[in-house]
Amino acid sequence: MLPVLYTFRRCPYAMRARWAILAAGVEVEMREVALRDKPPAMLAASPKGTVPVLVLPDGQVIEQSLDIMLWALAQHDPLGWLRPSQGSLEDMLALIDACEHDFKPHLDRYKYPTRYRLEFTQAADSSSLAEQERLFSDVHFSQALNFLEQLSCRLKMAPALGGENPALADFAVVPFVRQITRHDRSRIEKAVPIQLLEWMDTLLDRADFAAAMKRSDQYSK
Ligand SMILES: N[C@@H](CCC(=O)N[C@@H](CS)C(=O)NCC(=O)O)C(=O)O
């Protein structure tokens, strides 16, 4: 029996988990789920209901994408994702933490301001509500740029966050940079140094990323 990974193709957390599993060459059964209709077997294993979730043959459940990456790479790390040539593993973990806590909340508010209406005062007429949403989104776009600046500073010193070669932080963070860029690439192009976009494009051009993004049928049991 193989470990089972519940995943959602477009989720950046699930992307990085699938990428690490492929890089490690660990075999798992991938089950693509619909977030609106999560399979009962997944919810029974992990009631919190987020993807990715990895269920091991002994029943152990790994519920965080970073832990799934570390689980896979602990078994086999042929590309040295856990051995950055620049900085330490702790450095990379701190960067990944900043991505999740200092960047992702701003990314979500920039992309989906309507989901956060309770965070800004609602005006009576609909046109001013639209204006407030736009301002709210813009503020969060600017705040999201702080993290991208942090990445850009590192990328001026070396071609990857891990140094000469990409390592854990590169693969864990780039799905989120992809997400903000895909929302409005021309806006990002004007706001960040070219090194950041080149770094992202190089990682996303890799054959192992294409493999991690392969479409599969939906699982619903
Ligand atoms: N901290 C979690 C976050 C995972 C997460 O938030 N995944 C989103 C999809 S990108 C999700 O499953 N959301 C639940 C939903 O939309 O119902 C991890 O690293 O795995």
Side-chain angles (χ1 to χ4, degrees), residues 3-24 26 28-56 59-75 81-82 89-119 137 140 144 147 151 161 167-184 200 203-204 209 212-221:
V4 170
L5 182 79
Y6 292 97
T7 177
F8 178 64
R9 184 175 173 274
R10 287 185 290 120
C11 165
Y13 297 99
M15 269 174 216
R16 70 190 192 182
R18 295 194 303 268
W19 209 347
I21 286 169
L22 286 170
V26 177
V28 307
E29 180 190 336
M30 304 254 184
R31 293 182 181 171
E32 174 74 16
V33 308
L35 292 180
R36 284 193 191 154
D37 186 17
K38 291 165 192 152
M42 173 186 139
L43 292 172
S46 176
K48 76 174 172 43
T50 63
V51 288
V53 171
L54 184 71
V55 183
L56 301 182
Q60 195 194 332
V61 179
I62 308 182
E63 304 187 293
Q64 296 294 330
S65 53
L66 179 58
D67 293 335
I68 297 172
M69 294 182 88
L70 295 171
W71 168 85
L73 296 165
Q75 294 176 63
W81 287 23
L82 298 180
L89 184 56
E90 284 66 39
D91 261 356
M92 289 199 292
L93 295 174
L95 208 51
I96 295 167
D97 190 70
C99 177
E100 275 160 42
H101 299 106
D102 304 336
F103 177 67
K104 179 73 162 108
H106 296 305
L107 164 61
D108 290 342
R109 284 162 180 76
Y110 158 56
K111 263 186 88 173
Y112 312 110
T114 49
R115 290 187 192 167
Y116 297 92
R117 272 194 188 151
L118 290 178
E119 292 185 18
S137 167
H140 287 286
F147 177 70
L151 298 185
L161 302 174
L168 185 71
D170 296 85
F171 299 100
V173 160
V174 78
F176 298 89
V177 181
R178 172 184 184 270
Q179 206 181 4
I180 197 168
T181 307
R182 282 169 74 94
H183 188 61
D184 184 344
M200 179 191 74
L203 286 167
L204 300 181
F209 182 68
M213 292 303 285
K214 226 176 100 201
R215 287 174 197 280
S216 52
D217 292 339
Q218 198 172 304
Y219 179 88
S220 54
K221 279 182 247 167

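In each ligand, atom 1 is the first atom listed, and ligand 1 is the first ligand listed. Since the model is a prediction, treat every value here as computed from it, not as a measurement.
- In this structure, Lys38 is part of the shell of residues with a heavy atom less than 4.0 angstrom from ligand 1.
- Formation of a donor-acceptor pair under 3.5 Å by the Lys111 side chain with backbone atoms of His183 is not found in this model.
- In the vicinity of Pro52, heavy-atom distances shorter than 4.0 Å reach the ligand 1 atoms 20 (O).
- Looking at Ser65 next to ligand 1, an N or O pair under 3.5 Å apart turns up.
- Within the structure, salt bridge (Lys or Arg N to Asp or Glu O under 4.0 Å) pairs that include any residue of residues 90-101 comprise Arg16-Glu100 (at least two apart or interchain).
- The list of salt bridge (Lys or Arg N to Asp or Glu O under 4.0 Å) pairs with a residue in residues 174-184, not counting sequence neighbours, is empty.
- Taking only non-hydrogen atoms, the option from Arg16, Gln64, Lys48 nearest to atom 2 (C) of ligand 1 is Gln64.
- Considering backbone and side-chain N/O atoms, Cys11 never comes within less than 3.5 Å of an N/O atom of ligand 1.
- The protein heavy-atom contact nearest to atom 13 (N) of ligand 1 is Thr50 CG2, 4.0 Å.
- Contact atoms of ligand 1 toward Gly49: 14 (C) (distance under 4.0 Å to a heavy atom of the residue).
- Using bins of under 30°, 30° to 60° and over 60° for the plane-to-plane angle, the ring pair Phe209/Trp19 lands in the tilted bin.
- The shortest distance between side-chain heavy atoms of Phe147 and Val173 falls below 4.5 Å.
- Of all protein heavy atoms, the one lying nearest to atom 6 (O) of ligand 1 is Tyr13 CE1, 3.7 Å.
- Regarding atom 16 (O) of ligand 1, its nearest protein heavy-atom neighbour is Leu35 CD1, 3.7 Å.
- Side-chain atoms of Gln75 never come within 3.5 Å of backbone atoms of Ala24 as a donor-acceptor pair (strictly under, hydrogens ignored).
- What sits closest to atom 4 (C) of ligand 1 on the protein, heavy atoms only, is Val51 O, 3.2 Å.
- The shortest distance between side-chain heavy atoms of Leu93 and Leu66 falls below 4.5 Å.
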